Amino acid sequence: MTNINETMSPQGREKSSIQESPASGSYNNVPVPSPGISESALLRKIDWHVIPMLFVLYVMAFLDRVNIGNAAVFGLKEDLNLGGVEYNVALMIFFIPYILCQIPSNLSLKKVRPKIWLSGCMFLFGMTTCIQGFVQNYHGLLVARFFLGVFESGVFPGCFYLIAMWYRRQEVQKRSSFFFNSTSIAGAFGSLLATAIGKMDGMRGYRGWRWVFILEGVLTMVIALTFFTLIADFPEQSTFLTEEEKEFVKARLRHDVGNSAIDEKVTLKDVLRALGDYRLFLGAVMYLGSIVPAYGYAYFAPTIINSYGYGAIETQLHSVPPWVVAFTFSMLIATFSDYIRHRFAFVLGSLAVAITGVIILLTVYDKERIHIQYFALFLVISGTNGAGPIIISWFTSNLSGHHRRSIGSAYQISLGNIAGIISSFTFVAADRPRYIPGYSILLAFMCFTGIMTTCYFWVVTNDNGRKDKGTYKYAKESEKWQALSEGEKVKMGDLAPDYRYLR
């Protein structure tokens, strides 16, 4: 690993005394900060400026996406005369632009700067949510949901990409899980908020479901206006760090995952090369499998709980506890995963919890044992929310450099979000109240995720072994590696021979 002072300008060399410890082919050795910098204090400073804003951003994004489930309980289907699978189509259409726009959005994030791009997206999806409260028919709802997908497309992959560009791999899981579990907070908060807003039914001539969209959309827009100055940029562009702190942050990340290459343009050749990598495909499909049950629960939990015989307000209140437990479970899993620097076993363990819940829902049903089914919902969402963030951050943090991370993270999430289209049709009115086909689909995708995760674990383990033995196709002594220019070697990122994947 190159000493950071060798790559700095003379002026920068005079200001910085950061020294990098020798690289060992792993991420255990890190640069030593100058006497004026405390690494733990710097991490707390980064945490305070990066994570809370992204957490709130995604709480509002997920809330505005799934509050249609709360609105359905308050009469949306009846007022808009939605029959058959029209409600399911309204859920599905969101994901068409959401999937197609994610890679272009992540590339724009690099060019426009995160604080401008993410806060701008937030304001626009908040405005679209508000507009949903004024639609008069099915087609108006479809148009609103389509543009909601357009404006939300850059939020999730952009946030995970930004987190990955601030933290080392052994630091990222707990923070990524905290961010990902904003969905749990959004689910709990959304249900509580819907309970209160639902009591406004009839106020000023608007039904309760309209107020759900209007008030939550306005809240999102107000928060977005404050975030134009609060959301953090990339380390190279940050305003809350001193120059010496910036150099140390870049040095520790370079030691962990290689040169970021933020200033180099991403070409079509770079995109096609990355998309042709089977590791990226595995990362995408294992995320797809985990997100089908996650979306299935998020969209249909109020409907499922309502089928247990609860009224509209009781349904919203009973929707809260499973989300709270899921948040706690996922954070515990993430903490232990970071502590031992391992991912695979925690994904399989979380999937086992979720599978247990689905099996209970498939096999237990009668009015005398509703409490058992309700308990099973806790297992499903806890296991799903435990596995999902580990899969995303494991894959993203195993990618090195701006090029592969920006393309890879967007590819994983855009392809993976095909799950949103699938989950939109998992629970249809005709299957009420048992929903056997829906639960069977969730079970199948959980098992599929376990298989794909095992394949990815085998691939990265095998790659590490071949790099250790010098049999990797880009081994340092090989003609292929020697033939590459320095710029091409930087773009190789995690494919470089001295990079080791986290397992």
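These figures come from a predicted structure and were not determined experimentally. Every heavy atom of this structure was used, including side-chain atoms; hydrogens, water molecules and symmetry mates were not.
Put simply, the side chain of T328 gets close to the backbone of V324: a donor and an acceptor are under 3.5 Å apart. S290 places a side-chain N or O within donor-acceptor distance of the main-chain N or O of Y287, the cut-off being under 3.5 Å. With H139 contributing its side chain and L142 its backbone, the two residues share no donor-acceptor pair below 3.5 Å.
The shortest distance between side-chain heavy atoms of F213 and C130 does not fall below 4.5 Å. In this structure, the side chains of D338 and R343 come closer than 4.5 Å at one or more pairs of heavy atoms. By the 4.5 Å heavy-atom criterion applied to side chains, E216 and L219 are not counted as neighbours. A 4.5 Å side-chain heavy-atom check between D47 and Y167 finds at least one atom pair inside the cut-off. The shortest distance between side-chain heavy atoms of F94 and I99 does not fall below 4.5 Å.
With H318 as the partner, the ring-ring contact (aromatic ring centres under 6.0 Å, His included) test is satisfied by one option alone out of F375, Y310, W323: Y310. The one candidate from F178, W48, F189, F62 that meets the ring-ring contact (aromatic ring centres under 6.0 Å, His included) condition with F55 is F178.
For Y295 and F95, the gap between ring centers is short of 6.0 Å. Aromatic ring centroids of Y374 and Y308 lie 6.0 Å or more apart. Ring to ring, Y439 and F427 are close: their centroids are under 6.0 angstrom apart.
A distance of 7.5 Å separates CG of L76 from CG of D79, quoted to the nearest 0.5 Å. Here the straight-line distance linking atom CD of Q132 with atom CD1 of I68 works out to 6.0 Å at 0.5 Å rounding. Separating the CZ atom in R145 from the CD atom in E152 is a distance of 8.0 Å, to the nearest 0.5 Å. Here CE of M446 is found 8.5 Å from OG1 of T449. Values are rounded to the nearest 0.5 Å.
Below 30°, between 30° and 60°, or above 60°: for H49 and F240 the angle between ring planes is below 30°, a parallel geometry. The aromatic rings of W394 and F457 are tilted relative to each other, their planes meeting at an angle between 30° and 60°.
In F228, the CZ atom is crowded: over 12 heavy atoms of neighbouring residues, nucleotides or ligands sit closer than 6.0 Å. Crowding of Y138 atom OH: a count of heavy atoms from other residues, nucleotides or ligands under 6.0 Å exceeding 12. Summarising the local packing, CZ of F378 is surrounded by more than 12 heavy atoms from other residues, nucleotides or ligands at distances under 6.0 Å. Counting heavy-atom neighbours within 6.0 Å of K199 NZ, excluding the residue itself, gives a total of 12 or less.
For the 3.5 Å distance criterion, the side chains of W166 and S238 fail to qualify, holding no donor opposite an acceptor. Residues T220 and D64 have side chains that bring a donor and an acceptor to within less than 3.5 angstrom of each other. Of the N and O atoms on the side chains of N385 and S330, not one donor lies less than 3.5 Å from an acceptor on the other residue. Defined by atom type and a distance below 3.5 Å, a donor-acceptor pair is missing between the side-chain atoms of Y299 and R65.
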